[in-house]
*Asks:* 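Please read through the structure below; I'll follow up with questions.
Labels below follow one simple rule: chain letters A, B, ... track the order of the sequence lines, proteins then strands, and each chain is numbered from 1.
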Amino acid sequence: MSKPYAPKEIEPKWQARWEADGLYHADIDESKPKHYALTMLPYPSGDLHIGHWYAMTPSDARARFMRMKGYNVMFPMGFDAFGLPAENAAIKSGIHPMVRTRQNIERMRKQLRSMGAMFDWRREIVSCEPDYYKWTEWFFIQLYKHGLAYRKKAPVDFCPNCNTTLAREQVWGEDRHCERCNTPVIKKDLEQWFFKTTQYAEELLRYDGIDWPERVRVLQTNWIGRSEGASVIFKTESGEDIEIFTTRPDTLWGATFMVMSPEHPLVESLTTPEQREAVQAYQLQAARQSDIEREAADKEKTGVFTGGYAINPVNGARIPVWIADYVLMTYGTGAIMAVPAHDTRDFAFARKYNLPIIPVIQPEGEAPLNGETMTEAYTGGGVMVNSGPFNGTQVNDKKGRENPGILAVAQWLEQKGIGKLAVTYKLRDWLISRQRYWGAPIPMIYCDKCGWNAVPEDQLPVLLPEDVEWRPTGESPLKFHPTWKHTTCPVCGGPAERETDTMDTFMCSSWYHLGYLSPWRKDVPFDEREYNYWMPVDTYTGGIEHATMHLIYTRFFHKALRDMGITQGNEPMLQLRNQGMVLGEDGEKMSKSRGNVVAPDELVERYGADTVRAYLMFFARWDMGAPWDSQGIEGTARWLRRVWMLFTDENQPGTASAETLRHLRRKTHQTLRKVTRDFENFEFNTIVSALMELLNEMYKAREAGAAGTPAWSEAQELYLKMMAPVTPHIAEELWSEVLGKPYSIHLQAWPTVDEEAAKEDEIIIPVQVNGKLRERVTLSIEASEDDIRTAALNAVAPYLEGRQPKKVIVVRKQLVNIVI
RNA sequence: GCCGAAGUGGCGGAACAGGCAGACGCGCACGACUCAAAAUCGUGUUCCGUAAGGAGUGAGGGUUCGAUUCCCUCCUUCGGCACCA
């Protein structure tokens, strides 16, 4: 009897050995192609979740595979350690977030080590440590110096529970709630710091040279929300400019009124004394309404006439200017021309307030549109009418300059100097100020005389004070600290105050992939040589939930740094792959309150890390995820026990037939071919099932006396190499200890497929009659198409009942279909 | 409303290029070993039917000798956006 499989003994043993030997250290080696494998770093909540395992262990397996393929692989790990939960916990417990965070990190490091992943811990970064956030501040200053960071007063989303502002991306759902705590957000007018993400909107829409999932690209594209049209200058009667944006300049002649957002700065001067009261009442009402109420799409349109008029620049028409809350100050210019005949919203508004409707696009082959009798706006293409010089111009359904009508009008507007082709984006600048303590300080100083100035770089980092008092309201202790904010102006030396807001934690994660390059360098954000060797990231893995947050920010950041000469290339991450989510056994999202959380530590304790790793790769398509199945893991546990037994049993050398051995070699190399391809494609579930199949074949081959033969040894060796990335510990134990091969299996090269061995020498051809499977014929691989045809016809003769086949289709060496 | 993804046995899933649907595993059933259980091993397991046979990849239609795969219409579920001018 061999000794039983004991993962609890072998796993810690090998982990310690690998660590001691620095087996996974990634150092520059010009003789090898590099591979930078990166997986999203965790927030140190204190416990590693099964979701972390699901994200990280297949990524680790892939990184290990690449290493065996001959790449010099870097696979680093760190902690995204700033953020609200730690601060909120501090308010409750009184324990400083740094203390708690460091404890949590220590615990999570242990848990991460239990995965047996090939992390190079020398490269670890912790975003809340001054060594790291010094550079987060430094990057802020670079953005500021290049005009990409600016401060402005704006209505911003504020979470009353977290007591801080949020970026637009952090506000979710129809009720516009806080991404973290689900509290509905409110609007506040605050002076805040922003990054000019909009300056990169156009470039962010291009995904040239990167292999990212279509899904992420679509999400980002929709989020950026590009629309092409024209900007046109209308004039008020007193001669002031009202700039509008429209996607339909071809309908300019049908503009019968204008609508401004209630907050539009020109409302004041346009409003006539008679209308002032009504306008102010409406403005007040709009201001009081929450965004939720205001932005409910199905709400009936309301508005108020300002009493003022504007002149339509294309035909001189005098048209009334209204205000209405369906026009948003935050999109376009905050003012629109209203063309009720061809826009659904304008139509509803015009009907309600009895405003004229003038059709200017006539659908071809239909009765002329009549503004008085139309029941809905006509939004399709046709021929321009009532449009002065453009009468007869074709308009189609295309958008922007692809539409001949739009293009012609836009060019004409430009010639006349009253408008031009223009593009507007939904993307807004990134609001990075947070009114909280636990984040990287914004390194800015305000002086009454000199205004805002950056902290001199030689004074970085601006450290968070440690002696702080927690307020139950969540208000930032930085604001109330007796001395911290008082400093001197870097320009005039007079008394000045620090910015007390801290940065959004997405700022920390926008450059962490650079942090890993050389955390030991204290004098530069990253070592240039390391950068030149390792960057860009070759494979990035993580959850889809970051599609419009982290993944946009980090792309923006890289492009901005590129333009400052700090980084090179256009994109930070070449290949992106998203894992799905492991749900609770009840099919719901895992949560403590539901009590459906699966604890990886317990699973490791019970089954060992290799089983957990293998199961996570096997139980679902990685990109889809699935509900957890606590019984299912028994299958992978059984697999590893069977592997263990097969390798540790005393096998009597047998006398297998040549046929048995050929079959074993064939299956071995076919499996290698499949496993190699599946690793390349991130298809982890079929890697494990292919290995299970091969194991079943090996058991059969042993039964038939294959043990002790060269084919058997080859199968064993390849089997362990194929397992090694998936289940690194058992593979090492069987390789180094049981088979006695040279340590370490993780330094072995990935084997190559022996195509000759993988070849089939017999083929089984299914024979269909009228598409229905009737027989199978077995032929030599050498059989010609004629041989196959003849054999097939003979085999199904009874089904033909003497009739002549109409057609016989022979598909390569795969199938025959006989049509009668 | 708009954009996107996904619908295959009791369950997770497989099917490289339009060519044997259900690999692999879970579960279940029966059997072997055992005083018994666990572990292990063996056999079976899409549905209807005793069987021959038939049906079958969300529904309906189309292309094709042949469709889980391609095209059209629709349904359901999930995700994102949402008065975006």
Side-chain angles (χ1 to χ4, degrees), chain A residues 4 172-174 213-223 225-227 229 244-248 251 258-259 261 294-301 324-328 330-339 343-346 348-349 424-427 544-545 547-548 581 587 614-615 618-621 623-636 638-639 641-642 645 673-674 677-678 681 683 685-696 699 764-776 805-820:
Chain A
W172 288 7
E174 237 162 286
E214 168 83 14
R215 203 163 145 223
V216 174
R217 299 200 315 260
V218 166
L219 282 171
Q220 293 202 345
T221 300
N222 290 346
W223 184 259
R226 180 184 198 275
S227 34
I244 60 113
F245 172 76
T246 176
T247 53
R248 295 292 305 273
T251 64
M258 292 186 81
V259 187
S261 161
R294 199 170 147 175
E295 291 181 7
D298 46 4
K299 197 185 71 169
E300 182 160 300
K301 314 252 169 299
D325 62 7
Y326 78 89
V327 175
L328 309 173
T330 46
Y331 182 77
T333 61
I336 62 163
M337 65 166 186
V339 184
D343 181 279
T344 331
R345 292 154 303 170
D346 298 344
F349 196 82
T424 297
Y425 304 91
K426 285 200 266 186
L427 182 75
I544 187 91
E545 66 275 13
T548 58
M581 214 195 298
Y615 183 57
F618 174 69
F619 91 115
R621 266 181 62 167
D623 57 339
M624 302 290 276
W628 180 257
D629 176 0
S630 56
Q631 276 182 321
I633 194 172
E634 296 289 347
T636 32
R638 202 166 289 148
W639 170 51
R641 279 197 296 269
R642 273 166 58 80
M645 286 193 303
R673 184 158 61 199
K674 176 164 179 56
R677 194 183 63 216
D678 289 352
N681 298 330
E683 286 164 4
N685 54 342
T686 47
I687 289 172
V688 178
S689 55
L691 289 172
M692 286 172 168
E693 272 187 68
L694 176 56
L695 187 72
N696 293 342
Y699 266 95
I764 300 169
I765 307 266
V767 186
Q768 297 179 332
V769 177
N770 286 341
K772 267 192 213 308
L773 177 70
R774 293 302 181 186
E775 292 294 336
R776 284 172 227 264
K806 281 202 196 103
K807 211 171 178 183
V808 178
I809 296 138
V810 180
V811 187
R812 278 161 273 156
K813 286 176 180 176
Q814 282 181 13
L815 175 138
V816 177
N817 190 15
I818 295 161
V819 187
I820 53 173

*Asks:* How is A:W223 classified with respect to the nucleic acid when contacts are heavy atoms under 4.0 Å: base, sugar-phosphate, or nothing?
*Replies:* sugar-phosphate
*Asks:* Which way is the base of B:G42 turned, syn or anti, if we draw the line at 90° from 0?
*Replies:* anti
*Asks:* Taking the same atom, P, in B:U8 and in B:A14, what whole-Å distance lies between them?
*Replies:* 11 Å
*Asks:* Can you tell me, in whole Å, how much space there is between the P of B:A5 and that of B:U73?
*Replies:* 15 Å
*Asks:* By the 4.0 Å heavy-atom rule, please label A:L219 as base, sugar-phosphate, or nothing.
*Replies:* sugar-phosphate
*Asks:* Could you identify the nucleotide paired to B:U40, looking across every strand shown and requiring Watson-Crick or G-U wobble geometry with both distances under 3.5 Å?
*Replies:* B:A32
*Asks:* Scan A:G625 against the nucleic acid and name what it touches under 4.0 Å (heavy atoms): base, sugar-phosphate only, or nothing.
*Replies:* sugar-phosphate
*Asks:* Hey, does the side-chain of A:K806 have a donor or acceptor N/O within less than 3.5 Å of a partner on the base of B:C65?
*Replies:* no
*Asks:* Looking for any heavy atom pair under 4.0 Å, which part of the strands does A:V811 touch: base, sugar-phosphate only, or nothing?
*Replies:* base
*Asks:* Mind checking whether A:L815 and A:Q768 have side chains closer than 4.5 Å, heavy atoms only?
*Replies:* yes
*Asks:* Given the C1' atoms of B:A32 and B:A38, what is the spacing between them in whole Å?
*Replies:* 16 Å
*Asks:* Can you tell me, in whole Å, how much space there is between the C1' of B:G49 and that of B:G60?
*Replies:* 28 Å
*Asks:* With rounding to the closest Å, how many angstrom separate the C1' atoms on B:U69 and B:G22?
*Replies:* 15 Å
*Asks:* Using a heavy-atom cut-off of 4.0 Å across all strands, would you classify A:D343 as base, sugar-phosphate, or nothing?
*Replies:* nothing
*Asks:* Taking B:A59 as the reference, what is the distance to B:C75 when you measure between their P atoms (whole Å, please)?
*Replies:* 15 Å
*Asks:* State the pairing partner of B:A5; accept Watson-Crick or G-U wobble contacts with both distances under 3.5 Å, and report none otherwise.
*Replies:* B:U77
*Asks:* Could you measure between the two P atoms, the one in B:C28 and the one in B:C11, and give it in whole Å?
*Replies:* 15 Å
*Asks:* Need one value for A:G225: base, sugar-phosphate or nothing, where a base atom within 4.0 Å counts as base even if backbone is also close, heavy atoms only.
*Replies:* nothing
*Asks:* Once you apply a heavy-atom cut-off of 4.0 Å, does A:N817 come out as touching a base, just sugar-phosphate, or nothing?
*Replies:* base
*Asks:* Compute the ring centroids of A:W639 and A:Y615, then answer whether they are less than 6.0 Å apart.
*Replies:* no
*Asks:* Side chain of A:N685 only, please: which of B:A85, B:C3, B:A14 is the nearest?
*Replies:* B:A14
*Asks:* Any sub-3.5 Å donor-acceptor pair from A:Q220's side-chain atoms to A:A547's backbone N or O?
*Replies:* yes
*Asks:* Using the closest heavy atom to pick a nucleotide of RNA chain B for each, name whichever of A:E683 or A:G332 lands nearer the 5' end.
*Replies:* A:E683
*Asks:* Between B:C48 and B:G10, how far apart are the P atoms? Round to whole Å, please.
*Replies:* 9 Å
*Asks:* Closest-nucleotide mapping onto RNA chain B: is A:S689 or A:I633 further toward the 5' terminus? I mean the 5' end.
*Replies:* A:S689
*Asks:* Tell me whether A:N817 contacts the main-chain N or O of A:G771 through its side chain, where contact means a donor paired with an acceptor under 3.5 Å.
*Replies:* yes
*Asks:* Contact class for A:F618 vs. all strands (heavy atom < 4.0 Å): base, sugar-phosphate, or nothing?
*Replies:* base
*Asks:* Checking contacts here: which listed nucleotide (B:G25, B:G4, B:C65) is nearest the side-chain heavy atoms of A:V218?
*Replies:* B:G4
*Asks:* Looking only at atom types and distance, does a side-chain atom of A:Y699 sit under 3.5 Å from a main-chain N or O of A:R642, one as donor and one as acceptor?
*Replies:* yes
*Asks:* If we ignore hydrogens and angles and just use 3.5 Å, is the side chain of A:N681 paired with the main-chain N or O of A:E683 as donor and acceptor?
*Replies:* no
